[in-house]
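Each chain gets a letter, A, B and so on, in the order its sequence line appears, and its residues count up from 1.
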Amino acid sequence: MCGALSARVPQMRRTSLLLTAALVLAGCGGTANGGSNQGAGAGGTLTVFAAASLTDVFDSLGGRFRQEHPGVDLRISYGGSSSLAAAIVQGAPVDVFASANAAQMDVVAGEGLAGEPAVFAANVLEIAVPPGNPAGITGLADFAREELTLAVCAPEVPCGAAAEEVFAAAGVAARPDTQEEDVRSALLKAELGEVDAALVYASDVDSRGTLVEGIAFPEAERAVNDYPICTLADAPNPGAAQAFVDLVLSEEGQRVLADAGFRTP
Amino acid sequence: MSAVRAARRSRGTGVPLPLMVPAAIAAAFLILPLAGLLVRAPWGDLPAQLAEPAVGEALRLSLVSATLATAVSLLLGVPLAWVLARSQARGRSVLRALVTVPLVLPPVVGGVALFLVLGRQGIVGRWLDETFGVTIPFTTTAVVLAQTFVAMPFLVVSVEGALRAADARFEDAAATLGADRWMTFRRVTLPLVAPGIVAGGVLCWARALGEFGATITFAGNFPGTTQTMPLAVYLALQRDPDAAIVLSLVLLTVSLATLLLLRDRWLSRSGAAA
């Protein structure tokens, strides 16, 4: 880790100590989300950037793709849509981008980098509770209960923006204890039993099997989240990229998505 | 002292080339990314960002929690370093390896591990909840604990190194003069390794101030109670990278200013003692 090197020198000169300390605190702060920087093209590497919520579906479809295209070296990188979009804008050599919302696709399209985005799935919010629902959560209104420990996504990320919409639509003054940085970490806290309820996507609840229970609520319809996918204008491997997008949009791709709890267009 | 300096000067002050080149590369590698931030920063936004109440809140929380984490680390970590450096107990090397695990553990995993012990369903946390009605996660206490978990090993490693480097004969002399081990520790060992403790404390504070992964996992993220500056920076990065850069620079400026102030107050004195 970034600190280990500096920690081994106890008697540092003062200035270098200060500099080290400053750099440690600067360097350990965030997480950079770099793309796999593999060369592509003739060798037949296909690089896909996909929203973290697509992990299970794209792993499954990726297996299928590798069977059908044994010559193509498929690499899928999962992350927050906004981090992925930022990496693409910064010049990451990517063939396909599948975003968890239209806004981040617009970021890429705004730079003239997206091909023609197509909506391939949609997701709605659901309440995730630990198995057995120990706090007796029944609906969105429970998010206003002070005595409960509740997780939502931070308003900066797509699931948090969707959460704000449904709370506004339902007229619920939510009192969350934490605004999580992404939907999977909100889900993790429900799974660990550390929160009484977390507001996540229906597909995330489905992905965890019996580890969490999902509670659907009617206001979820007010914030249906579309998932667009596109090949990128500068795709190093445009042929394989199109084949992958076609697979996602195919009947089979749509079936896998539906099985995972997504809505399909 | 001056004779030594004169001798050094007569040998020439130039840095040998085999040291100069890698040193220059190292300095450039470490400094250029910071310079990149400075160049890219939208300086015009700075006053507006600083006026934002959430920024002040996050900054205050960061400074308070990192300082508390450092205090806890000093209180518990210095004795631990002493045990590692001086005691003859068996299993010391295993203990040393174990207590430095947080240095290599991805902080997010550290956060999950803290849940398993201190969370509502954790081994100790469940008992705390049932007996006293106290739950730790998602509180400022959780922020301090997460930072302490990640930062204390820096202090322990520094202080243990200082203890090993210190001349043990002073302690032996104190013992022959009738001081017991506790008195020897307070009156001889502690002053002897003070510079190492200060250095370790500064490293620990800096690491706690920059802590992200364990904090956001174990303490969550809520403005005012658990959202420290690194968390605010990360979330700003999702929406507005320019704002994130400005926030990082605020954190950097405040921490550098604090460290420089500390240097003048404490390091110069302990430096003179060294």
Can you name the closest pair of heavy atoms from [X] and [Y] and give their distance?
{"X": "Leu235(B)", "Y": "Glu156(A)", "result": "O-CG, 3.3 Å"}
{"X": "Phe138(B)", "Y": "Thr178(A)", "result": "CE2-CG2, 3.5 Å"}
{"X": "Glu194(A)", "Y": "Gly122(B)", "result": "OE2-N, 4.2 Å"}

Counting only non-hydrogen atoms closer than 4.5 Å, does [X] touch chain B with its backbone (N, CA, C, O), its side chain (CB onward), both, or neither?
{"X": "Asp182(A)", "result": "neither"}
{"X": "Pro130(A)", "result": "neither"}
{"X": "Val107(A)", "result": "neither"}

How far apart are the C-alpha atoms of Arg120(B) and Thr149(A), what are their side-chain angles, what is the distance that settles it, and do they pass the side-chain contact (heavy atoms from CB on, under 4.5 Å) test? CA-CA 10 Å; Arg120(B) 221 163 53 156; Thr149(A) 308; 3.5 Å; yes
Under 3.5 Å: donor-acceptor pair, side chain of Glu180(A), backbone of Gly220(B):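 A pair under 3.5 Å: no.
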With rounding to the nearest 0.5 angstrom, report the OG1 to CG distance, Thr135(B) to Asp177(A).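 Answer for the OG1-CG pair, Thr135(B) versus Asp177(A), is 8.5 Å.
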Taking every heavy-atom pair that is under 4.5 Å apart, which of Val233(B), Thr217(B), Thr226(B) has the most such pairs with chain A?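 Among the listed options, the one with the most contacts to chain A is Thr217(B).
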Throw together a table of side-chain donor-acceptor distances under 3.5 angstrom for residues 101-119 of chain B, partners on residues two or more places apart or in other chains.
none

Could you give all pairs that pass the ring-ring contact (aromatic ring centres under 6.0 Å, His included) test and reach residues 131-174 of chain A, with sequence neighbours left out?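 For residues 131-174 of chain A, and leaving out neighbouring residues, the ring-ring contact (aromatic ring centres under 6.0 Å, His included) pairs sorted by first residue read Phe143(A)-Phe167(A).
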